[in-house]
Amino acid sequence: MERLKEISRIIDKVFNASLDFFQSKDSTKKILLTTDRVTSNSTDTKHLEILLKEELLNENDIDLLTIEISYQLIKGRIDIKGEFYGSDGIILNEFNKRADIKALDDIEQTVTSFLEEIKGQYDEILKKFLQQF
């Protein structure tokens with residue numbers, strides 16, 4: 001259980017390091033960080049939700065972009081999954097990885113790389129959801 005707490009702290013750290021990037025966008029109205037825990041199967045899911053300004057939305061009316069990282073401990077290994085999706089449910093980017101529970105540096109690098117990839121494509125993705133730009 002302590003390893004799950006360490007992984008939780010790593011993901012929080014990576015999310016927090018990315019907040020300035022998303023908050024600095026003119027299209028961002030609000031950012032929320034949330035955690036869902038399911039203790040019965042040692043699963044946590046963390047969300048970084050980016051609420052877009054309503055006055056900029058196009059006819060698709062997608063007003064929320066979510067980066068979700070979920071992880072589950074299974075027999076000394078960690079299954080970690082990341083998804084980036086809009087409020088329409090369409091997945092824009094994702095990854096799946098199984099790692100040794102002790103490989104915290106590897107887990108941090110995986111999550112960091114995923115966030116960096118999203119940041120690299122973020123402006124292009126926003127063009128699809130916003131009237132302007």
Side-chain angles (χ1 to χ4, degrees):
M1 208 53 156
E2 187 59 36
R3 284 289 182 191
L4 284 178
K5 289 180 184 177
E6 290 178 49
I7 292 167
S8 177
R9 284 191 288 269
I10 287 169
I11 295 170
D12 286 345
K13 176 181 147 186
V14 174
F15 274 174
N16 283 316
S18 298
L19 287 179
D20 285 343
F21 173 84
F22 296 111
Q23 287 176 332
S24 70
K25 299 296 181 184
D26 291 337
S27 59
T28 301
K29 179 178 181 179
K30 186 176 183 178
I31 294 182
L32 303 167
L33 292 172
T34 61
T35 302
D36 298 326
R37 289 195 166 84
V38 181
T39 54
S40 61
N41 65 356
S42 300
T43 300
D44 284 357
T45 303
K46 294 190 171 282
H47 302 93
L48 189 156
E49 298 176 324
I50 305 150
L51 183 62
L52 303 175
K53 292 179 180 175
E54 295 162 17
E55 62 270 16
L56 299 176
L57 299 180
N58 67 20
E59 65 277 356
N60 293 333
D61 204 28
I62 295 169
D63 62 350
L64 184 67
L65 297 172
T66 302
I67 301 168
E68 178 180 297
I69 307 290
S70 60
Y71 48 100
Q72 181 177 20
L73 180 62
I74 301 173
K75 297 180 183 178
R77 303 199 47 85
I78 190 86
D79 282 343
I80 188 164
K81 174 180 166 183
E83 294 181 338
F84 176 46
Y85 54 89
S87 54
D88 59 355
I90 294 174
I91 296 173
L92 305 164
N93 195 335
E94 66 184 324
F95 79 90
N96 286 291
K97 181 173 183 119
R98 178 167 280 175
D100 186 292
I101 190 68
K102 297 175 185 174
L104 296 178
D105 288 342
D106 184 35
I107 293 167
E108 183 171 359
Q109 181 57 45
T110 298
V111 175
T112 299
S113 295
F114 182 61
L115 266 286
E116 290 302 316
E117 190 175 321
I118 291 169
K119 289 168 27 179
Q121 56 186 220
Y122 192 76
D123 288 337
E124 192 62 35
I125 287 170
L126 274 180
K127 287 179 187 179
K128 296 176 183 177
F129 301 125
L130 303 179
Q131 294 172 356
Q132 302 175 0
F133 298 143

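Worth knowing before you read on, the calculation uses all heavy atoms, side chains too, and leaves out hydrogens, waters and symmetry mates.
A salt bridge links D106 with K97: the distance from a Lys NZ or Arg NE/NH1/NH2 to an Asp or Glu carboxylate oxygen falls below 4.0 Å. Ion pairing between a basic and an acidic side chain is recognised when a charged N comes within 4.0 Å of a carboxylate O; E94 and K81 show no such pairing. Taking a cutoff of 4.0 Å between a charged side-chain nitrogen and a carboxylate oxygen, K30 and E49 do not qualify as a salt bridge.
Between the OG1 atom in T34 and the CD atom in E68 there is a gap of 8.5 Å [rounded to 0.5 Å].
Here the side chains of V14 and F114 are not in contact, with every heavy-atom distance at 4.5 Å or above. Inter-residue side-chain proximity for I107 and I7 is flagged as met; some heavy-atom pair is nearer than 4.5 Å. Residues H47 and F15 form no side-chain contact, since every pair of their non-hydrogen atoms from C-beta on lies 4.5 Å or further apart. The side-chain heavy atoms of Y85 and I67, taken from C-beta on, include no pair separated by under 4.5 Å. Between N16 and L33 there is a side-chain heavy-atom pair separated by less than 4.5 Å.
Checking side-chain atoms of S113 against main-chain N and O of T110 turns up no donor-acceptor pair under 3.5 Å.
Heavy atoms of other residues, nucleotides or ligands lying less than 6.0 angstrom from NZ of K102 number 12 at most.
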Check your understanding: Are Y71 and I11 close enough, and set up right, to give a side chain to side chain contact (heavy atoms under 4.5 Å, CB included), and what steps lead you there?
Key -> CA-CA 10 Å; Y71 48 100; I11 295 170; 3.3 Å; yes
